[in-house]
Amino acid sequence: MSKIGFDTPRPAQLRRFNTVFYTAGLRMQRALAEYVKDAENPDQLVILSHNPVFTLGRNATMADIHVSPEFCGQNGVEIQATDRGGEVTYHGPGQIVVYPICNLAGGRQDVGRLVRGLEEAMIRTAATFGVTADRLKGAPGIWVDTARSRKGGGLEKLGAVGLHLSRWITTHGIAFNVAPNLAHFGWITPCGFTDKGVCSLRSLLGDTAPDFETAADQLQRHLCECLSLDIQPSRKPSQSVSALTWRQGPDGPEILMMLRVPNHGFWWQSVTGMMEPGESCEETAHRELREETGLTGKLTPLPLKHSF
Amino acid sequence: MDSSIIHFPDPEPRFNTETCFHMEVPYDAPVQLAPDEHSEFKWCGFDEAHDLMRWEGSKASVQLLRRKLERA
């Protein structure tokens, strides 16, 4: 086998988020790919998790999804076509997604080395938690032979690889299963395999499995080693607050929608705004409600914090 | 101002993290828009609000609020 990963250190910026909606992740990747086109700019290592979504690679068809789009919608799973290689796969909470946005021009024009470096980082991460995973010829990603540990087991994928390459700039990347909802993989033919399964650190280790952040820390460390990434400072994301404003109407709840003036985008939205220095999220929400609508109200958190 | 329409002088892409809330307001409270930010408003049911929202996170907020209030 040829070399694994890269040896020559390369400057990179790390961007670590919690939840990123899949379509917002595509916009992030496009912006960062444009940025790394300039060889003076560092590579980008983006670590995040997605909302539940089935993504179709260039070789996938809707026949690879065994449930209807309506069923997916009712169960909160989106369907998105992508320009990466491969068939259909699933992303969702509990799965670490990493987008290495790299400019391979100028001495690293070897996608095979990058793929093997990504696989190696996932293999080492699994080993950190006592899980033996390996490559499988003709099947990118990392695999665990669960037949060794339980009756009826077999080859199950722990981490997937799906890259897109354009003019030596890479987008898309890897997905490493910490504790996603594995039942969702049962609704598709994951990566085109009908004779192999999918596993996670949780399915393999039970209650002793690491949490998401602990696993992400390890994966980040091994990726930096295997790809020889020299992490540089990067700008932190700005912080904003949204406060979906509603009232109890005669026929049910009514949401306040406001149309932004043309030079602020000309689209409909509810109350939202950027946090100012020293403000708490709650203070921002109350201030924005007051400034944008003149209203006061009872503020309640929604279980959603996301980046874009 | 929404970060998605700001243009910055340096090329490093900018990202934003949003924390989501909902706020119930009295039914008959008068809405006073800030004219430099918004030109009109309307009160909508969940379906219309979901369709009008531009961004995926805003649409998800509507769905989350809907499920929360329908469970209550």
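A note on names: the letters A, B, ... follow the listed sequences, proteins ahead of strands, and every chain is numbered from 1.
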Under 4.5 Å, counting heavy-atom pairs only, tell me which of A:W268, A:F17, A:F266, A:W246 racks up the most with chain B.
A:W246

Can you find a pair of side-chain heavy atoms, one from A:Y22 and one from B:E56, that are under 4.5 Å apart?
no

Pairwise side-chain contact, A:M258 with B:E37, heavy-atom cut-off 4.5 Å (strictly under)
no

Least distance between heavy atoms, B:G57 atom then A:L304 atom
O-CD2, 3.9 Å

If one checks every heavy atom of A:T296 against chain B at 4.5 Å, the contacting part turns out to be backbone

Portion of B:D36 that has a non-hydrogen atom of chain A nearer than 4.5 angstrom
backbone

Structural part of A:S234 lying under 4.5 Å from a heavy atom of chain B:
both

Taking the side chain as every heavy atom from C-beta outward, state whether B:V31 and A:L295 have any pair of such atoms under 4.5 Å apart.
yes

A:T245 OG1 to B:E24 CD distance, which is reported to the nearest 0.5 Å
11.0 Å

Who among B:P35, B:C44, B:A29 has the most heavy-atom pairs with chain A under 4.5 Å?
B:C44

Using a cut-off of under 4.5 Å for heavy-atom pairs, which of A:S242, A:G297, A:P237 has the most such pairs with chain B?
A:S242

How far apart are the closest heavy atoms of A:M274 and B:N16, and which atoms are they?
CE-OD1, 3.4 Å

A side-chain contact here means heavy atoms from C-beta on lying under 4.5 Å apart; do B:M23 and A:H286 qualify?
yes

Pick one of side chain, backbone, both or neither for A:P262, based on which atoms fall under 4.5 Å of a heavy atom in chain B.
neither

Could you pull out the closest heavy-atom pair between B:T19 and A:K305, with the gap in Å?
OG1-CE, 3.7 Å

Is B:L33 close to chain A through its backbone or its side chain, or both, or neither, when contacts mean heavy atoms under 4.5 Å?
both

Stepwise, does the side-chain contact (heavy atoms from CB on, under 4.5 Å) test hold for B:H38 with A:H264?
CA-CA 8 Å; B:H38 299 106; A:H264 280 207; over 6 Å; no

Verdict with reasoning, B:C20 to A:H306, per side-chain contact (heavy atoms from CB on, under 4.5 Å):
CA-CA 8 Å; B:C20 301; A:H306 65 105; 3.9 Å; yes

What residue in A:Q44, A:Q248, A:R15 has the most heavy-atom pairs under 4.5 Å with chain B?
A:R15

Residue, of B:W43, B:F41, B:F46, that accumulates the most heavy atom pairs under 4.5 Å with chain A:
B:W43

So do A:P253 and B:R66 actually touch side chain to side chain, heavy atoms under 4.5 Å?
no

Heavy-atom nearest pair, A:A31 first then B:P13, reads O-CG, 3.7 Å

Relative to chain B, which segment of A:M28 carries a heavy atom at a distance below 4.5 Å: side chain, backbone, both, or neither?
both

May I ask you to check whether over 12 heavy atoms, not counting those of B:E70, lie within 6.0 Å of atom CD?
yes

Rounded to the nearest 0.5 Å, what separation is found between the CG atom of A:L302 and the NE2 atom of B:H22?
5.0 Å

Can you tell me how far apart CE (A:M257) and NE2 (B:H50) are? Round to the nearest 0.5 Å.
10.5 Å

Could you have a look at A:M275, A:E282, A:K236 and say which one has the most heavy-atom pairs with chain B under 4.5 angstrom?
A:E282

Shortest non-hydrogen contact from B:E12 to A:Y35?
CA-CE1, 3.5 Å

Between A:F308 and B:W55, is there a side-chain heavy-atom distance shorter than 4.5 Å?
no

Under 6.0 Å from the CZ atom of A:F71, do we count more than 12 heavy atoms belonging to anything else shown?
yes

Tell me the closest heavy-atom pair linking B:T17 and A:S307, and the distance in Å.
OG1-OG, 2.8 Å

Flag side-chain contact, heavy atom, 4.5 Å: B:F15 against A:R27
no

Any side-chain heavy-atom pair from A:I255 and B:L65 closer than 4.5 angstrom?
yes

